[in-house]
Amino acid sequence: MSKKYDVAILGAGVVGQALALLLARDRLRVALVRREPAPTAPTAPPDIRAYALNASSKALLDGLRVWPGVAADGTEMATPVQHMWVAEDAPATPASVRFEGTPSHPLSWIVDVPALEVTLAQAVGFQSGIDVLAERPAAALTVVCEGKRSASRDAFGFEFDAKPYPQTAVAARLRTERPHGGVARQWFHQGEVLALLPLEGEHGQAVALVWSVAHERAAHLLALPPEALAAEVTAACDQALGAMQPQGQAAGWPLELSRARRWVQPGLALAGDAAHAMHPLAGQGLNVGLGDVAELARVLREREYWRDLGDLKLLRRYERARQADVTAMSWVTDGLLGLFGHRDSRIQALRRWGLRGFDRLEALKHWTVQQAMGPTGTAPH
Ligand SMILES: Cc1cc2nc3c(=O)[nH]c(=O)nc-3n(C[C@H](O)[C@H](O)[C@H](O)COP(=O)(O)OP(=O)(O)OC[C@H]3O[C@@H](n4cnc5c(N)ncnc54)[C@H](O)[C@@H]3O)c2cc1C
């Protein structure tokens with residue numbers, strides 16, 4: 001007897017919802033298992049993060065008509081990044097690299113997370129072919145998209161290797177004295193990574209902070225009154241955007257590098273953070289998760305007519321295609337963290353020399369930007 005659903009998706013984060021929309025548009029019967037009610041407006045307290053999304057992710061979300069636009073009060077919910085500035089903050093001999101985009105080819109977009117989640121939930125509500133359920137139904141294929149703490153992944157017996165970093169990411173929204181000018185700024189300082197991501201459009205005066213610091217320091221920063229945290233950030237980035245004011249409370253995320261050994265079993269697949277998680281310093285976790293979504297949908301769409309959706313050989317095509325990409329991105333983020341966290345003065349000197357040399361190598365910078373933007377991206381300079 002045929003099952004009622006072709007695909008059951010467990011977890012309604014960005015990855016699960018994007019996958020549900022893509023598969024339903026390919027005329028598959030989809031069940032989306034959602035634990036919490038769908039957001040109709042940003043939840044309280046809202047997720048204060050903003051994601052840096054690359055051109056491939058934008059193309060996917062645009063194609064699904066869920067790219068967040070302009071809010072009712074006129075605030076832009078996706079800010080194009082025209083320039084990116086990365087610095088090693090050694091007071092005596094600072095070194096930095098600047099990546100240039102153009103108005104028609106930004107380097108990336110900084111997207112408000114609650115706005116993206118609401119847009120996705122609305123699209124899921126309107127899309128025929130998706131049933132939102134509280135319990136997992138029988139389906140030819142079940143895709144686990146429950147994030148890095150997925151209970152279903154463990155219950156299905158997938159092995160998952162996790163290496164916790166000794167860091168927590170402190171995230172907050174801050175208003176700035178001066179406009180950010182569409183520049184994403186990142187500092188590496190004694191193992192810490194401080195990023196200020198531009199919000200509210202090119203001329204905006206608000207940024208999303210992601211400050212990855214040792215757990216004890218994170219606990220201290222999170223316990224500060226919001227004004228005191230804003231003052232610490234203002235000082236740590238040497239007033240790069242003038243004085244900063246808090247917008248709401250900060251929140252913390254413990255960080256890890258993790259990956260499932262296998263991503264598929266007969267009738268089962270993992271996608272997004274349930275399959276892999278990485279340090280946010282390169283802003284790639286969700287981009288990689290949306291890469292999983294695009295590839296899994298492609299593999300299912302292009303399957304031989306006689307092959308079942310849960311066929312292991314079919315699912316292995318997805319696993320093979322994605323694992324190389326994810327391994328490369330995990331190495332890059334882990335390697336950068338290790339390199340910039342090194343306290344040895346010889347390595348520090350080499351690092352600063354490398355950073356300055358890299359800044360002069362236009363061809364290498366162009367290639368690096370192309371890799372970060374994904375296959376749909378056209379790198380500017
Ligand atoms: C501080 C920080 C900054 C980041 N910045 C960026 C960035 O700039 N760019 C980028 O690309 N990535 C970034 N990331 C990574 C990004 O947040 C993740 O890669 C992304 O959220 C993964 O999406 P997901 O849908 O796979 O998992 P999640 O977002 O974790 O969603 C999982 C969903 O499954 C649900 N769920 C869990 N268990 C169950 C269950 N048993 N039953 C039903 N539902 C369940 C959860 O409630 C949730 O809705 C950042 C991460 C952090 C921590």
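One-based numbering, in listed order, for ligands and for the atoms of each.
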*Hey, does the side chain of S150 reach the backbone of R153 with a donor-acceptor pair shorter than 3.5 angstrom?*
yes
*Assess R49 against W253: is NZ or CZ under 6.0 Å from the centre of the six-membered ring, and within 45 degrees of the ring's axis?*
yes
*Starting from atom 29 (O) of ligand 1, which protein heavy atom do you reach first, and at what distance in Å?*
G13 CA, 4.7 Å
_atom 3 (C) of ligand 1 - nearest protein heavy atom and its distance_ = P280 CB, 3.6 Å
*Assess the side chains of Y5 and D131: does a donor N or O sit below 3.5 Å from an acceptor N or O?*
yes
*Could a heavy atom of V14 be found less than 4.0 Å from some atom of ligand 1?*
yes
*Backbone or side chain, does any N or O of N287 fall under 3.5 Å from an N or O of ligand 1?*
yes
*How about W187 and W211: are their ring centroids closer than 6.0 Å?*
no
*Counting only heavy atoms, which portion of A169 has something under 4.0 Å from ligand 1: side chain, backbone, both, or neither?*
side chain
*Looking at atom 35 (C) of ligand 1, what's its closest protein heavy atom, distance included?*
G11 CA, 4.0 Å
*How would you list all residue pairs meeting salt bridge (Lys or Arg N to Asp or Glu O under 4.0 Å) that involve residues 256-282, not counting sequence neighbours?*
R149-E256, E159-R261, D161-R261, R262-E319
*Between the candidates E256, E146, H279, which shows the shortest non-hydrogen contact distance to atom 39 (C) of ligand 1?*
E146
*Heavy-atom distances under 4.0 Å are what count here, so tell me which part of E36 touches ligand 1: side chain, backbone, both or neither.*
side chain
*Can a donor-acceptor pair be found between the side chains of R25 and Q127 at a distance below 3.5 Å?*
yes
*asked:* How far is atom 10 (C) of ligand 1 from the closest protein heavy atom, and which atom is that?
replied: L286 N, 3.3 Å
*Is the count of non-hydrogen atoms from other residues, nucleotides or ligands lying under 6.0 Å from E302 atom CD greater than 12?*
yes
*asked:* Donor-acceptor pair, distance only, cut-off 3.5 Å: does the side chain of R322 make one with the backbone of V288?
replied: yes
*Quickly, which of D325, D292, T327 forms a side chain to side chain donor-acceptor pair (under 3.5 Å) with H276? Name it, please.*
D292
*Quick one: which of H180, R175, Q205 gives a side chain to side chain donor-acceptor pair (under 3.5 Å) with E200?*
R175
*Would you tell me which option among A134, A18, G252, G147 has the nearest heavy-atom contact to atom 30 (O) of ligand 1?*
G147
*Have a look at V293, V15, D273 and point out the one with the heavy atom closest to atom 25 (O) of ligand 1.*
V15
*Location of contacts on Y51 toward ligand 1, heavy atoms closer than 4.0 Å*: both
*asked:* Check contact between C145 and ligand 1, using heavy atoms of the residue and a distance below 4.0 angstrom.
replied: yes
*Give the contacting part of R49 toward ligand 1: side chain, backbone, both or neither, where contact means a heavy-atom distance below 4.0 Å.*
side chain
*asked:* Below 3.5 Å, N or O to N or O, backbone or side chain included: is there any such pair between A52 and ligand 1?
replied: yes
*If you count the atoms of ligand 1 from 1 in the order shown, which ones are under 4.0 Å from a heavy atom of W253?*
53 (C)
*Please name all residues satisfying side chain to side chain donor-acceptor pair (under 3.5 Å) with K313, sequence neighbours left out, ordered by chain then number.*
none
*asked:* Within the 4.0 Å heavy-atom shell around G272, which atoms of ligand 1 are there?
replied: 26 (O)
*For G285, the ligand 1 atoms whose distance to one of its heavy atoms is below 4.0 Å*: 10 (C), 11 (O), 12 (N), 15 (C), 19 (O)
*Return the residue, atom name and 0.1 Å-rounded distance of the protein heavy atom closest to atom 38 (N) of ligand 1.*
R35 NH1, 3.4 Å
*In a check of side chain to side chain contact (heavy atoms under 4.5 Å, CB included) between Q186 and each of L281, L197, L196, which one passes?*
L281
